[in-house]
Structures are given as structure tokens and as C-alpha cells.
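Take a look at the structure below.
As the structure lists them, so they are numbered: ligands from 1, and atoms in each ligand from 1.
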Amino acid sequence: MRLQGKNAIVTGASRGIGRAIALSFAKEGANIAFTYTKDEEGAGITRRLLEDEGVRALAVCADGSDEEQAAKLVKEATDGLGPVHILVNNAGITRDNLLLRMSADDFDRVLDVNLKSAFLLTKACARGMMKQRYGKIINISSVVGVFGNAGQANYAASKAGLIGLTKTVAKELGSRGIRVNAVAPGFIQTDMTEALPEEVKEKMLGSVSLGSFGTPDDVAALCVFLASGDADYITGQVLHVDGGMA
Ligand code: NAP
């Protein structure tokens with residue numbers, strides 16, 4: 001029970017990697033407030049799975065890229081669970097297209113959901129974490145943010161931006177006991193990657209040294225480690241979970 005007595009916010013946990021992170025944290029004893037925006041059914045399933053682990057669970061329909069909603073989420077989590085110790089900025093979307101066909105709206109929306117929400121939620125949680133002189137912030141970036149990927153200028157920019165945010169906030173808040181790290185998954189089997197054409201998946205698989213795609217649990221295991229006391233001397237890092245894709 002490495003996270004016993006801790007309260008965590010996990011964004012985008014109605015399915016996929018976010019749900020796996022929330023559930024793995026709950027199995028280690030953490031209470032969880034998580035967000036979603038559309039997937040009511042998935043959010044209900046996540047909440048029940050968390051409660052089955054015997055922890056407190058709050059499902060909040062909130063888009064963290066809106067400043068008011070971000071502040072309200074942190075208040076609801078604090079009122080409902082107590083002080084927030086762990087923030088996982090996981091919510092993310094794709095709106096893929098080649099540069100010349102990508103609309104400014106699709107660029108902005110991806111940057112807003114994937115990057116701006118992490119900035120706003122980090123800001124909203126920072127004061128409380130500074131007061132308690134303890135906090136763990138984990139930003140779910142991507143290998144695409146490190147290496148780039150054709151057709152994903154918006155997504156790659158948002159994920160690279162998360163790495164810059166991670167390293168900067170780690171420097172600013174380290175002296176207050178707040179650790180900030182980024183996780184860069186490779187190809188993980190979720191609804192997000194399920195939507196890709198078969199030939200794209202096959203090509204990607206060819207670049208994975210271990211020869212298989214990852215699972216949400218592979219990412220969640222690293223997040224549990226980073227959130228736990230075992231990783232207390234790690235901050236400002238980008239850790240890859242990609243089966244050797246890079
Ligand atoms: P997913 O299956 O599509 O799930 C995305 C989750 O985010 C859903 O719960 C979705 O719920 C929620 N969400 C979307 N927009 C939101 C918003 N504005 N506010 C709050 N929640 C929102 O995606 P995934 O594959 O699990 O990906 C999770 C994270 O890992 C993302 O940041 C993604 O970029 C990153 N990642 C994934 C892979 C991969 O291979 N799958 C690789 C590298 C990085 P609603 O639909 O209800 O809003």
C-alpha cells in the first residue's frame with residue numbers, strides 16, 4: 001500500500017491509460033478524484049472499480065483547459081477527499097492531419113486539452129502542495145513529443161510542451177518538496193490507438209524492440225512508482241515506456 005493516505009487527481013480516467021492509473025493508485029490505497037467530459041458510462045465504471053478497492057472516488061465532469069473548471073475541480077477534490085498530494089495530467093486528445101491540411105482550430109484544441117489544462121491544474125494544485133511541502137505531479141507526454149511524428153504537428157507540439165512545463169515546474173517547486181516528472185509512452189493499446197489504420201499500426205510495431213504494443217497497465221506501473229516514496233529523489237525527468245521504440 002505505497003499510496004495509503006494519499007489523495008490524487010487523475011484527469012481523463014473514464015477509460016484507457018487514465019483509468020489504469022486511477023485503479024493502480026487505488027490498489028495502493030489512494031483516494032481518487034478523476035475527470036472526463038463525455039464518457040458518462042466509462043466514468044461510472046471507473047468509479048465503481050475504484051470503490052471496489054475500498055477507497056473514496058469522485059467522478060468530476062470537467063475540462064481542465066477551462067480555468068474556472070480547473071479551479072473548481074481542485075476545490076471539489078479538496079472538499080471531497082482532503083488535500084491533494086498527487087496530480088496526474090493524463091487527459092489528451094488527437095486531431096491528426098498533415099501540416100498543410102491542419103486547421104488552426106484543431107491545433108488550438110489539442111494544445112488546450114493536452115498542454116494548457118496541465119498548466120492550469122498544476123497552478124491550481126501548487127499552492128496547496130507548497131503549503132504541505134509535498135506533492136507529486138506526473139505529466140503524460142508521449143514519445144512523439146520527443147521525436148516528432150508526421151501528421152501530428154499539434155499533438156507532438158503539445159507533448160513536447162508538456163516536457164518543457166515538467167522541467168520548468170520541477171525547478172520552480174523543487175525546494176517546496178514538489179516533484180514533477182513526465183512519462184512518455186510509446187504505442188499503448190487504447191481507444192486512441194485503436195482508431196489508427198492497420199498499416200500504420202504494423203509500421204509502428206516494426207519499430208518496437210520488444211515486438212509488442214504496450215498496455216495501459218505498463219504506463220500505470222511507472223506512475224505508481226513515481227507517485228510513491230520510492231521515487232522521492234526523482235524530479236524533472238522524462239521516463240519512456242515504449243518497449244524500446246525509440
Ligand atoms: P483515450 O483512450 O482516448 O482516453 C482519453 C481520456 O481522456 C478519456 O477518459 C476521455 O474522456 C478523457 N478526456 C478527453 N478530453 C478531455 C478533457 N478535455 N478533459 C478531461 N478529460 C478528457 O486515450 P489514452 O490512449 O488512454 O491516452 C491517455 C493519455 O496518454 C493521453 O494524454 C495521450 O496523449 C497519452 N498517450 C497515449 C498513447 C497511446 O498509445 N495510447 C501514447 C502516448 C501518450 P471523455 O471522452 O469522457 O472526455
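- A salt bridge is absent between Arg48 and Glu51: the closest approach of a Lys/Arg side-chain nitrogen to an acidic carboxylate oxygen does not fall below 4.0 angstrom.
- Only the backbone of Ala62 comes within contact range of ligand 1, with a heavy atom under 4.0 Å; no side-chain atom does.
- Between the side chains of Thr11 and Asn89, no donor-acceptor pair is found at a separation under 3.5 Å.
- At least one heavy atom of Ser141 sits closer than 4.0 Å to an atom of ligand 1.
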Open item on the list: Assess the residue pair Gln152 and Met102 against the criterion (side chain to side chain contact (heavy atoms under 4.5 Å, CB included)); give the C-alpha distance rounded to whole Å, side-chain angles, the decisive distance to 0.1 Å, and a yes or no.
Closed with: CA-CA 9 Å; Gln152 293 197 303; Met102 187 175 285; over 6 Å; no

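- Scanning the protein for heavy atoms near atom 19 (N) of ligand 1, the closest one is Thr37 CG2, 3.3 Å.
- Looking at Ile188 against ligand 1, both its backbone and its side chain come within 4.0 Å, counting heavy atoms.
- Distances from atom 32 (O) of ligand 1 to the heavy atoms of Thr11, Ile140, Asn90 show the closest one on Asn90.
- At least one N/O-N/O distance between Ile17 and ligand 1 falls below 3.5 Å.
- Considering backbone and side-chain atoms together, Asp63 places an N or O closer than 3.5 Å to an N or O of ligand 1.
- In this structure, atom 25 (O) of ligand 1 lies nearest to the protein heavy atom Thr190 OG1, 2.5 Å.
- Using a 4.5 Å heavy-atom cutoff, the side chains of Ile140 and Pro185 are in contact.
- Heavy-atom contacts of Ser142 reach the following atoms of ligand 1: 43 (C), 44 (C) (cutoff under 4.0 Å).
- Atoms of ligand 1 lying under 4.0 Å from any heavy atom of Ile93, numbered from 1 in the order shown and given with element: 14 (C), 15 (N).
- Taking a 6.0 Å sphere around CD of Gln132, one finds it holds more than 12 heavy atoms contributed by other residues, nucleotides or ligands.
- At a 3.5 angstrom cut-off on N or O pairs, Thr193 does not count as close to ligand 1.
- If you number the atoms of ligand 1 from 1 as listed, the ones under 4.0 Å from a heavy atom of Gly12 come out as 6 (C), 7 (O), 9 (O), 12 (C), 21 (N).
- Ligand 1 lies nowhere less than 4.0 angstrom from a heavy atom belonging to Phe213.
- Applying the 4.0 Å criterion to heavy atoms of Lys38 picks out, from ligand 1, the atoms 45 (P), 47 (O), 48 (O).
- In Glu68, the CD atom is not crowded: 12 or fewer heavy atoms of neighbouring residues, nucleotides or ligands sit closer than 6.0 Å.
- Contacts with ligand 1 closer than 4.0 Å are made by no heavy atom of Val144, backbone or side chain.
- Applying side chain to side chain contact (heavy atoms under 4.5 Å, CB included) to Val84 and the options Leu73, Asn31, Ile9, Leu121 leaves one that passes, Ile9.
- Heavy-atom separations between Glu40 and ligand 1 are all 4.0 Å or longer.
- Checking Asp112 against Ser65 by side-chain atom types alone, no donor-acceptor pair falls below 3.5 Å.
- Close approach to Ala13 involves these atoms of ligand 1, each under 4.0 Å from a residue heavy atom: 9 (O).
- Using 4.0 Å as the threshold, Gly186 has a heavy atom nearer than that to some atom of ligand 1.
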